[in-house]
Amino acid sequence: MQVNVFISPPEHNGSPTQVLVLPAGPEASIPKHLQHIDWRYFATTVAGDSVIGADKGEVEVALASQGYLVT
């Protein structure tokens, strides 16, 4: 499964940099509760890529149930 990976600015509101994973495709959108963060596109890759920081199964389950994953 291909995914788009976005990163937040360092230390956003006192929290460490986050990684947002969305499915690659027109149905993907940043959830409303995360839209206030200045996400920057990082890469298009596969769900099991180590850059995401989660295993492939966790990524696929989160995308299927929630439509996104934040690590």
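FYI, side chains are in, hydrogens and waters are out, and symmetry mates aren't considered; it's all heavy atoms of this structure.
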Contacts under 3.5 angstrom, residues 55-71 side chains, donor-acceptor by atom type, not counting sequence neighbours:
{"unit_1": "D55", "atom_1": "OD1", "unit_2": "G57", "atom_2": "N", "d": "3.1"}
{"unit_1": "D55", "atom_1": "OD1", "unit_2": "E58", "atom_2": "N", "d": "2.8"}
{"unit_1": "S65", "atom_1": "OG", "unit_2": "V61", "atom_2": "O", "d": "3.0"}
{"unit_1": "Y68", "atom_1": "OH", "unit_2": "H33", "atom_2": "NE2", "d": "3.3"}
{"unit_1": "T71", "atom_1": "OG1", "unit_2": "I52", "atom_2": "O", "d": "3.0"}

Item to check | Contact list for residues 43-65, test ring-ring contact (aromatic ring centres under 6.0 Å, His included), sequence neighbours left out | outcome: none
Item to check | Pairwise side-chain contact, S8 with T17, heavy-atom cut-off 4.5 Å (strictly under) | outcome: yes
Checklist entry - Only one of V19, I30, I7 clears side chain to side chain contact (heavy atoms under 4.5 Å, CB included) with W39; which? => result I30
Checklist entry - Tell me the ring-ring contact (aromatic ring centres under 6.0 Å, His included) pairs involving residues 44-64, sequence neighbours left out? => result none
Checklist entry - Any chain of hydrophobic side-chain contacts (each under 4.5 Å) joining M1 to F6? => result no
Under 3.5 Å, sequence neighbours excluded: what are the donor-acceptor pairs made by side chains of residues 43-50?
{"unit_1": "T44", "atom_1": "OG1", "unit_2": "N4", "atom_2": "OD1", "d": "2.7"}
{"unit_1": "T44", "atom_1": "OG1", "unit_2": "Y41", "atom_2": "OH", "d": "2.8"}
{"unit_1": "T45", "atom_1": "OG1", "unit_2": "D49", "atom_2": "OD2", "d": "2.5"}
{"unit_1": "D49", "atom_1": "OD1", "unit_2": "V51", "atom_2": "N", "d": "2.9"}

Item to check | Nearest atoms (heavy-atom pairs only) where P23 meets A28 | outcome: O-CB, 3.0 Å
